[in-house]
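Reviewing the structure listed below.
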Amino acid sequence: MIKVLIRKAELEDTMGIAKVHVDSWRTTYKGIVPDAFLENLSYEQREQIWKGAVKANHVYIAEDGDGQVIGFSTGGTERTGKYELYTGELYAIYVLKEHQGKGIGRLLVQSVVDDLKNMKLNSMLIWAIEENPACRFYEAIGGKKIDSMEIEIAGKKLKEIAYGWDANSEYFRT
């Protein structure tokens, strides 16, 4: 396994986060989301979004031994207020395709879980497009399907699945 450091993101990490975000979308969602949408994603646009997110939220990065950002995660309070049993939310987690399957995702999830626990939140959910291969990862780490909804990206209707970890899940048991 490569040497990986998980740490809280800083503003100077936002271009690295943006690159992981765009590159991950292009590899993960190819053939799922319209190609034109994926081609129009830009590092510069995503960097601006992540500058705000790093200031407002806890964002964690995974960096390799050369200091390159190879993954990130972020989370906080569940955003809709619709799920009584799920008070926290894993807003996003992405790991570059070539670094997947090496335990980095688990470390990034754990960073968010630790934050949620510090905020006295004892459960979480994440939304994922049904065709996203990461759904298998969420199930492997104990996520249970709790809801679904239809979304639209670039004119294409897609199904999103909510995976949840309640207070009795491995992540939140004390």
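In this text the structure is predicted, and so the values were computed from the model without any measurement. Atoms considered below: every heavy atom in the structure, side chains included; atoms not considered: hydrogens, waters and symmetry mates.
Within the 3.5 Å criterion, the main-chain N or O of H58 finds a donor-acceptor partner in the side chain of T74. Looking at T28, its side chain never comes within 3.5 Å of a backbone N or O of W25 through a donor-acceptor pair. No donor-acceptor pair under 3.5 Å is formed between the side chain of K82 and the backbone N or O of E78.
For Y86, there are no side chain to side chain donor-acceptor pair (under 3.5 Å) partners at least two apart in sequence or on another chain.
To the nearest 0.5 Å, atoms NZ (K156) and CD1 (I151) are separated by 11.0 Å. Note: Q68 CD to I61 CD1 = 10.0 Å, rounded to the nearest 0.5 Å. The line from CH2 of W50 to CD of Q45 is 13.0 Å long, rounded to the nearest 0.5 Å. Expressed to the nearest 0.5 Å, how far CD1 of I70 lies from CD1 of I104 amounts to 3.5 Å. To the nearest 0.5 Å, atom OH of residue Y163 and atom CG of residue L125 are 12.5 Å apart. Once rounded to the nearest 0.5 Å, the distance linking CD1 of I6 with CZ of R106 reads 13.5 Å.
Within 6.0 Å of atom CD in E84, 12 or fewer heavy atoms from other residues, nucleotides or ligands are found, so the atom counts as exposed in its surroundings. Within a 6.0 Å radius of CD in E170, other residues, nucleotides and ligands contribute 12 heavy atoms or fewer.
Between I17 and A9, the closest heavy-atom pair is CD1-CB, 3.8 Å. The two atoms that bring V112 and E89 nearest to each other are CG1-O, 4.4 Å, heavy atoms only. When all heavy atoms of I161 and S148 are compared, the closest pair comes out as CD1-CB, 3.9 Å. When all heavy atoms are compared, the tightest approach of Y91 to N57 is CE1-OD1, 4.2 Å.
Ring orientation note: the planes of F72 and Y94 are tilted relative to one another, at an angle of 30° to 60°.
One finds no salt bridge joining K159 and E150 here, because no Lys/Arg side-chain nitrogen approaches an Asp/Glu carboxylate oxygen to under 4.0 Å.
One hydrophobic cluster, built from ILVMFWY side chains closer than 4.5 Å, cannot hold both I49 and V22; they sit in different ones. Two different hydrophobic clusters hold L5 and L108 under the rule that ILVMFWY side chains link at heavy-atom gaps under 4.5 Å.
For the pair D23/Y43, a side-chain contact is recorded, criterion being any heavy-atom separation below 4.5 Å from C-beta on. Within the 4.5 Å cutoff, the side chain of V59 has no heavy atoms near those of the S73 side chain. Side-chain contact between V54 and E10 is absent, with no heavy-atom pair separated by less than 4.5 Å. The side-chain heavy atoms of L116 and Y171, taken from C-beta on, include no pair separated by under 4.5 Å. Between I93 and Y138, some side-chain heavy-atom pair lies under the 4.5 Å cut-off. Side-chain atoms of D13 and R7, non-hydrogen and from C-beta on, do get closer than 4.5 Å to each other. The closest side-chain heavy-atom distance from V113 to W165 is not below 4.5 Å.
The side-chain hydrogen bond (donor to acceptor under 3.5 Å, both in side chains) contacts involving residues 123-134 comprise Y29-N132, T87-S123, where partners must be two or more places apart or lie in separate chains. Residue pairs meeting the salt bridge (Lys or Arg N to Asp or Glu O under 4.0 Å) criterion with at least one member in residues 44-60: none, sequence neighbours excluded.
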**Asked** What do the steps show when you test E152 against K157 for side-chain contact (heavy atoms from CB on, under 4.5 Å), and what is the final call?
**Response** CA-CA 4 Å; E152 189 173 312; K157 291 186 185 322; 3.2 Å; yes
